[in-house]
Amino acid sequence: MRAPWRTRTADGERASTAASLRVQNLSVDYGNIRALVDVSFELRPGEFMGVLGANGAGKSTLLKSISGLVRPAAGSIRLGDGELVGIPAHRIPATGLAHVPERRRVFPSLSVQDNLALGAYATPPDRSRAELLDEVLTLFPRLKERATQLAGSLSGGEQQMLAVGRALMLAPRLLMLDEPSLGLAPVIVEEMFDRLAAIHRELGVSILLIEQNATQALEVIERAIVLTTGEVTFTGTREELGDSEYLKRAYLGL
Ligand SMILES: Nc1ncnc2c1ncn2[C@@H]1O[C@H](COP(=O)(O)OP(=O)(O)O)[C@@H](O)[C@H]1O
Ligand SMILES: [Mg+2]
């Protein structure tokens, strides 16, 4: 059985059990197209890391290969001490990895609370679902207000928050998000990033965030990799990223 996401210690402090992620020499092919070329990077336990890059760079492919949806041609992906390559996608959530895919995919004809309950299908047995639900509803008060409403009747931003909340019901050791801000109004994007920062700060979970908007991502991430046509062309801290003339030109539009 895996360790809990976090536990309350005697003095009320929370000890995180966020996982590390180590991707080594990962290559992915779609037929004759090589989508990822020898990708290597490491995310430390509890780190908030970004995956930046233009459309078509291979960002979604990277997340899909980590969560078992795409089979790599070569390479290794380790979550904590465990190898993920070769584990079928349906077994991945039980390893403590939650993936919020591109575009919010909630169950529109189910209520908000039922969507959240479905997220708990692979919650570790040592975590209380009621307690997790309470945490998610505290992070997203709007979901609490709309608990009995059908998910399909929520706004785009609320559906995205629900998709993130549902992923948190797994009590993940690593949370991966594929462009959660896509298609949302600027004010909602702000709110989404504020909530992601709160998740990182308050739950201590490791986060891997894909974002096309580097300026926006730089407000929350600690480190990032940049993918350019399937290759890692930059790895560095938020500060290094902000200082890089190349990145300013290529990705920040400055
Ligand atoms: N299922 C697929 N079959 C064939 N090619 C694909 C498939 N998915 C993605 N690709 C190609 O792989 C490359 C990387 O795509 P993707 O990972 O979606 O990039 P990003 O998320 O950075 O926009 C692109 O050239 C894309 O056209
Ligand atoms: Mg993508």
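Owing to the predicted nature of the structure, the values given are computational and were not obtained by experimental measurement. Read the numbers this way: they start at 1 and go in the same order the structure lists the ligands and their atoms.
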I would like to know whether Thr233 and Leu227 meet side chain to side chain contact (heavy atoms under 4.5 Å, CB included); could you show each step before the answer?
-> CA-CA 6 Å; Thr233 49; Leu227 286 176; over 6 Å; no

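- Nearest-heavy-atom check against atom 17 (O) of ligand 1 across Thr61, Asp178, Val70, Thr229 picks out Thr61.
- Leu182 and Leu184 sit in two unconnected hydrophobic clusters of ILVMFWY residues. Membership requires side-chain heavy atoms under 4.5 Å apart, directly or through other members.
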Carefully, step by step, assess Ser60 and Asp178 under the rule side-chain hydrogen bond (donor to acceptor under 3.5 Å, both in side chains).
-> CA-CA 7 Å; Ser60 296; Asp178 196 341; 2.7 Å; yes

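- Given atom 23 (O) of ligand 1, the protein heavy atom at minimum distance is Gly56 N, 2.7 Å.
- Taking any N or O of Ala35, backbone or side chain, none lies under 3.5 Å from an N or O belonging to ligand 1.
- Ranking the protein heavy atoms by distance from atom 9 (C) of ligand 1 puts Tyr30 CE1, 3.3 Å first.
- Between Gln216 atom CD and Ile221 atom CD1 the span is 11.0 Å, to the nearest 0.5 Å.
- Considering all non-hydrogen atoms of both residues, Gly204 and Ala18 come closest at O-CB, 3.2 Å.
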Go through the steps for Glu211 and Ser181 under the test side-chain hydrogen bond (donor to acceptor under 3.5 Å, both in side chains), then give the verdict.
-> CA-CA 8 Å; Glu211 187 53 58; Ser181 69; 3.0 Å; yes

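- The backbone N or O of Leu79 lies less than 3.5 Å from no partner atom in the side chain of Thr95, so there is not a single donor-acceptor pair.
- Look at Glu191 and Arg142 and you find a salt bridge, because one of the NZ, NE, NH1 or NH2 atoms lies within 4.0 Å of a carboxylate O, short of that distance.
- Under 4.0 Å from ligand 1, heavy atoms of Ser60 appear from its side chain as well as its backbone.
- Taking CG of Leu162 as the reference point, atom CG of Leu143 lies at 5.5 Å (rounded to 0.5 Å).
- The N/O atoms of Gly58, backbone and side chain alike, include one that comes under 3.5 Å of an N/O atom in ligand 1.
- Counting only heavy atoms, the protein never gets under 4.0 Å from atom 27 (O) of ligand 1.
- Atom-to-atom distance recorded for Arg127:CZ and Met169:CE is 9.5 Å, nearest 0.5 angstrom.
- For atom 6 (C) of ligand 1, the nearest protein heavy atom lies under 4.0 Å away.
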Take Glu83 and Arg22, measure what salt bridge (Lys or Arg N to Asp or Glu O under 4.0 Å) needs, and give me the verdict at the end.
-> CA-CA 9 Å; Glu83 177 63 54; Arg22 181 177 294 187; over 6 Å; no

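- Each of the atoms 23 (O) of ligand 1 lies under 4.0 Å from some heavy atom of Asn55.
- Atoms of ligand 1 found under 4.0 Å from any heavy atom of Ala54 (numbered from 1 in listed order, with element): 22 (O).
- Around the Mg ion (ligand 2), the protein atoms of type N, O or S that sit closer than 2.8 Å are Ser60 OG, Glu102 OE2.
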